[in-house]
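Here, residue 1 is the first one in the sequence, and each next residue gets the next number.
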Amino acid sequence: MFNSISNNFGASQIQFRDYQAPNYVVLNAKVTFDPTNAAYQACDQLEITVPDLTIDRSTIGGVFVRFIETQSYSLGDAIYDGGTVLKSWIKDKNTIVVEKHPWFDQNGPLTLYFVTMYAQLNQGANTIKGTKQRLTVTTDGNYLRFHL
């Protein structure tokens, strides 16, 4: 487990649960941020500075982004939530990048869910056979549930 050092989109410090091997990194985290803040508006991509990782760059992985929107109607309130998957990668051993899309900026705050494995890019070695491990991943409130 480690904490982020900084980020360029105005979020608070991010606590990552991790598993790191010589050729891949698995990260699990949740962070909520306001897309109307100046730091987010100024950046082209979301960058998170972290302590040294075991890999120096990675292939593309997926990070979930989610929003919750409340609409008021004459019969009561309705809550809508939605989101998508954004591209993410490790740019160098200290920087995690998430692509930025303005699709849901008007529905802020936005929440990023890291449930991601990053494989080493251009490792130059043969793949090593691994063992199967059953995983169950849940989030607070069971918004995202995976059984692998």
Side-chain angles (χ1 to χ4, degrees), residues 1-70 79-148:
M1 188 176 297
F2 63 86
N3 292 326
S4 65
I5 297 168
S6 65
N7 64 70
N8 70 341
F9 56 99
S12 60
Q13 186 178 59
I14 306 166
Q15 185 177 54
F16 287 93
R17 284 182 272 164
D18 67 320
Y19 178 81
Q20 298 190 44
N23 57 351
Y24 68 94
V25 172
V26 178
L27 297 179
N28 186 299
K30 173 185 170 184
V31 60
T32 300
F33 64 94
D34 180 7
T36 62
N37 75 57
Y40 176 83
Q41 295 294 321
C43 68
D44 293 326
Q45 59 188 15
L46 311 182
E47 294 188 5
I48 303 166
T49 305
V50 296
D52 286 354
L53 299 171
T54 58
I55 63 176
D56 59 355
R57 57 189 182 147
S58 76
T59 58
I60 293 174
V63 172
F64 296 92
V65 62
R66 177 175 176 258
F67 70 88
I68 299 174
E69 179 183 9
T70 303
I79 298 174
Y80 301 99
D81 62 342
T84 191
V85 180
L86 301 174
K87 291 180 190 176
S88 177
W89 62 95
I90 295 173
K91 181 170 89 172
D92 59 48
K93 68 180 181 175
N94 298 106
T95 309
I96 301 166
V97 177
V98 179
E99 72 177 333
K100 177 183 171 183
H101 282 289
W103 303 324
F104 307 123
D105 289 358
Q106 72 279 3
N107 300 101
L110 301 177
T111 303
L112 294 176
Y113 294 94
F114 289 83
V115 189
T116 311
M117 184 182 105
Y118 298 96
Q120 173 71 44
L121 183 65
N122 296 332
Q123 181 179 349
N126 293 332
T127 305
I128 299 169
K129 183 178 178 182
T131 58
K132 183 176 180 178
Q133 175 68 40
R134 292 206 47 85
L135 299 174
T136 300
V137 181
T138 59
T139 61
D140 292 340
N142 288 326
Y143 291 113
L144 295 172
R145 227 182 302 180
F146 300 96
H147 299 283
L148 307 170

Just so I know, are the side chains of Val31 and Phe16 near enough to count as touching, which here means a heavy-atom distance under 4.5 Å? no

Where the side chain of Gln20 meets the backbone of Val26, is there a donor-acceptor pair that is under 3.5 Å apart? no

Side-chain touch Ile96/Ser88, heavy atoms, less than 4.5 angstrom: yes

With a 4.5 Å limit on heavy-atom distance, are the side chains of Val25 and Thr116 in contact? no

Do Thr54 and Tyr24 have side-chain atoms, one donor and one acceptor, less than 3.5 Å apart? no

Which heavy atom in Tyr19 sits nearest to a heavy atom in Ala21, and how many Å separate them? CE2-CB, 4.1 Å

What's the spacing between Phe104 CZ and Leu110 CG if we round to 0.5 Å? 8.5 Å

Would you say the side-chain atoms of Gln120 pair up with the backbone N or O of Ser58, donor to acceptor, closer than 3.5 Å? no

Which atom pair, heavy atoms only, marks the closest approach of Lys100 to Cys43? NZ-O, 2.8 Å

How long is the gap from CD on Gln13 to CD1 on Ile5, to the nearest 0.5 Å? 9.5 Å

Do Asn28 and Phe114 make a side-chain contact, defined as non-hydrogen atoms from C-beta onward lying under 4.5 Å apart? no

Any Tyr118 side-chain heavy atom under 4.5 Å of Thr59 side chain: no

Roughly how far, to the nearest 0.5 Å, is CG of Asp18 from CG of Leu53? 8.0 Å

Nearest 0.5 Å, what's the CG-CD1 distance between Asn94 and Ile48? 13.0 Å

Please name the pair of heavy atoms, one in Pro35 and one in Pro109, separated by the smallest distance, quoted to 0.1 Å. CD-CA, 4.0 Å

Is the closest side-chain heavy-atom distance between Ile79 and Glu69 below 4.5 Å? no

Going through the checks in order, is the side-chain contact (heavy atoms from CB on, under 4.5 Å) test met by Trp89 and Leu121? CA-CA 10 Å; Trp89 62 95; Leu121 183 65; over 6 Å; no

Note: Val85 and Glu99 closest approach over all heavy atoms is O-OE2, 4.4 Å

For Asn7 and Gly10, indicate whether the former's side chain and the latter's backbone hold a donor-acceptor pair under 3.5 Å. yes

Would you say CG of Asp52 has more than 12 non-hydrogen atoms from neighbouring residues, nucleotides or ligands within 6.0 angstrom? yes

How close do Val63 and Tyr113 get, counting heavy atoms only, and between which atoms? CG1-O, 3.4 Å

Would Glu47 and Gln45 count as having a side-chain donor-acceptor pair, cut-off 3.5 Å? yes

Taking the side chain from Asp56 and the backbone from Asp92, do they hold a donor-acceptor pair closer than 3.5 Å? no

Check whether Asp105 reaches the backbone of Thr36 with its side chain - one donor and one acceptor, N or O, closer than 3.5 Å. no

Between Thr111 and Phe67, is there a side-chain heavy-atom distance shorter than 4.5 Å? no

side-chain contact (heavy atoms from CB on, under 4.5 Å) between Arg17 and Leu27: does it pass, once the steps are laid out? CA-CA 6 Å; Arg17 284 182 272 164; Leu27 297 179; over 6 Å; no

Any Leu112 side-chain heavy atom under 4.5 Å of Leu86 side chain: yes

Kindly indicate, with the supporting measurements, whether the criterion side-chain contact (heavy atoms from CB on, under 4.5 Å) is fulfilled by Ile55 and Ile90. CA-CA 8 Å; Ile55 63 176; Ile90 295 173; 3.7 Å; yes

